[in-house]
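Atoms considered below: every heavy atom in the structure, side chains included; atoms not considered: hydrogens, waters and symmetry mates. The structure displayed is predicted, hence computed values, not measured ones.
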Amino acid sequence: MRRIDARSLRGLAHPLRMSILEAVELDGPATATTLAARLGENTGTISWHLRLLAEHGYLEEDVERGTKRERWWRIPGPTVLDPAEFRDDPETSRALDVYLRGLVEQYFDRVRAYVDENWPGEWQHAAALSDWRDLRLTPEQLHRLNEEIGAVIERYTGAEPTGDNAERVIVQLQSFPRRS
């Protein structure tokens, strides 16, 4: 697992690069051509951003799929960001702000897409749009809560579906303090 540093955070904090990375994370390895079509951009612009994402370690070339004319890109592995590491540096705090606001927009867009789609009743019953407002926790308790929820999700990651009606599922967790 790679930790995001100040230099790579500034390299990622761009709306199009975040969209490219999200597309590869959600749908797997892709070429500049397929990403350009999906994102409504030209191939040259996408190629430039792909190389920049690779320079910062967010993507790598998938040499097993590529040819001399066609380069495939994939996620090399998970990355970790600790926002507290960047808040005190004015230069990186701006990049952090752009990145976090971009993430919130991506999360919102995913939820909106689900709401806008007409899923069958069994999926609507299984899905959840919930929040819990009555918790009072210390930072340590909140951290532990997030770790426990992450462990539960990890058990389902890579699990084989037991039925023929399996779909790809996104689990989003937003946990943060609120001022009264």
Trp48 side chain reached by Arg17 side chain, heavy atoms, under 4.5 Å: yes
What heavy-atom pair brings Pro161 and Ala166 nearest, and what distance separates the two atoms? CB-CB, 3.4 Å
Test your reading of the model: is there a side-chain donor-acceptor pair from Arg71 to the backbone of Glu61, 3.5 Å cut-off? no
How long is the span from the OG atom in Ser93 to the CD atom in Glu85, to the nearest 0.5 Å? 14.0 Å
Does Gln141 reach the side chain of Thr138, with side-chain heavy atoms less than 4.5 Å apart? yes
Considering only heavy atoms from C-beta outward, does the side chain of Glu91 approach that of Arg10 to under 4.5 Å? yes
State plainly whether one hydrophobic cluster holds both Val171 and Trp123, where clusters connect Ile, Leu, Val, Met, Phe, Trp and Tyr through side-chain heavy atoms under 4.5 angstrom apart. yes
According to the side chain to side chain donor-acceptor pair (under 3.5 Å) rule, which pairs have a member within residues 151-164, sequence neighbours left out? none
Assess whether atom CD of Gln172 is packed by more than 12 heavy atoms of other residues, nucleotides or ligands within 6.0 Å. yes
Holding to side-chain contact (heavy atoms from CB on, under 4.5 Å), I want the full list of residues that pass it with Arg178, two or more places apart in sequence or in another chain. none
Within a strict 4.5 Å, meaning less than it, do heavy atoms of the Ser8 and Asp5 side chains meet? yes
Can Ile75 and Leu21 be said to form a side-chain contact (heavy atoms from CB on, under 4.5 Å), step by step? CA-CA 8 Å; Ile75 306 290; Leu21 193 59; 3.4 Å; yes
List, one per line, each side-chain donor-acceptor pair under 3.5 Å for residues 27-40, sequence neighbours excluded.
| from | atom 1 | to | atom 2 | distance (Å) |
| --- | --- | --- | --- | --- |
| Asp27 | OD1 | Arg168 | NH1 | 3.1 |
| Asp27 | OD2 | Arg38 | NH1 | 2.1 |
| Asp27 | OD2 | Arg38 | NH2 | 3.0 |
| Thr31 | OG1 | Thr33 | N | 3.4 |
| Thr31 | OG1 | Thr34 | N | 3.1 |
| Thr31 | OG1 | Thr34 | OG1 | 3.2 |
| Thr34 | OG1 | Thr31 | N | 3.0 |
| Thr34 | OG1 | Thr31 | O | 3.0 |

Interatomic distance, OH@Tyr99 vs CG@Leu9, rounded to 0.5 Å, equals 8.0 Å
Do Glu70 and Arg65 pass the salt bridge (charged side-chain N to carboxylate O under 4.0 Å, His left out) test, and can you show the C-alpha distance, the side-chain angles, and the key distance before you say yes or no? CA-CA 9 Å; Glu70 184 178 66; Arg65 291 181 189 229; over 6 Å; no
Those residues at least two apart in sequence (or on a different chain) that pass side-chain contact (heavy atoms from CB on, under 4.5 Å) with Thr79 are Arg2, Ile4, Tyr58
Which donor-acceptor pairs under 3.5 Å do the side chains of residues 124-137 make with protein atoms, sequence neighbours left out?
| from | atom 1 | to | atom 2 | distance (Å) |
| --- | --- | --- | --- | --- |
| Gln124 | NE2 | Trp119 | O | 2.6 |
| Asp131 | OD1 | Arg133 | NH2 | 2.9 |
| Asp131 | OD2 | Arg133 | NE | 3.1 |
| Asp131 | OD2 | Arg133 | NH2 | 3.4 |

Counterpart residues, ring-ring contact (aromatic ring centres under 6.0 Å, His included), relative to His14 (two or more places apart): His49
Output all residues satisfying side-chain hydrogen bond (donor to acceptor under 3.5 Å, both in side chains) with Ser19, sequence neighbours left out; order by chain, then residue number. none
Evaluate side-chain contact (heavy atoms from CB on, under 4.5 Å) for Ile46 paired with Trp73, printing each intermediate quantity in order. CA-CA 11 Å; Ile46 296 292; Trp73 299 91; over 6 Å; no
Please determine which of Thr92, Leu96, Asp97 meets the side-chain contact (heavy atoms from CB on, under 4.5 Å) test together with Arg94. Asp97
Go through the steps for Arg3 and Asp82 under the test side-chain contact (heavy atoms from CB on, under 4.5 Å), then give the verdict. CA-CA 8 Å; Arg3 293 190 69 78; Asp82 181 357; 3.4 Å; yes
Among all residues two or more places apart in sequence or in another chain, which pass the side-chain contact (heavy atoms from CB on, under 4.5 Å) test with Asn42? Thr45
Please tabulate, for side-chain N and O atoms in residues 106-115, each donor-acceptor pair with protein atoms closer than 3.5 Å (sequence neighbours left out).
| from | atom 1 | to | atom 2 | distance (Å) |
| --- | --- | --- | --- | --- |
| Gln106 | NE2 | Met18 | O | 3.1 |
| Arg110 | NE | Glu22 | OE2 | 2.9 |
| Arg110 | NH2 | Glu22 | OE2 | 2.9 |

With no hydrogens and no angle check, is any side-chain donor or acceptor of Glu148 less than 3.5 Å from a backbone partner on Leu145? no
Assigning hydrophobic clusters by single linkage (Ile, Leu, Val, Met, Phe, Trp, Tyr; side-chain heavy-atom cutoff under 4.5 Å), is Ile170 placed with Val24? no
Glu60: what forms a side-chain hydrogen bond (donor to acceptor under 3.5 Å, both in side chains) with it, not counting sequence neighbours? Arg74
With sequence neighbours excluded, give me every ring-ring contact (aromatic ring centres under 6.0 Å, His included) pair touching residues 159-180. none
Among the clusters formed by ILVMFWY side chains lying less than 4.5 Å apart, do Leu12 and Leu81 turn up in the same one? yes
When rounded to the nearest 0.5 angstrom, what is the spacing between CD1 in Ile20 and CG in Leu50? 5.0 Å
In the single-linkage hydrophobic clustering (I, L, V, M, F, W, Y; side-chain heavy atoms under 4.5 Å), do Ile153 and Leu142 co-cluster? yes
By side-chain contact (heavy atoms from CB on, under 4.5 Å), which residues pair with Glu105, not counting sequence neighbours? none
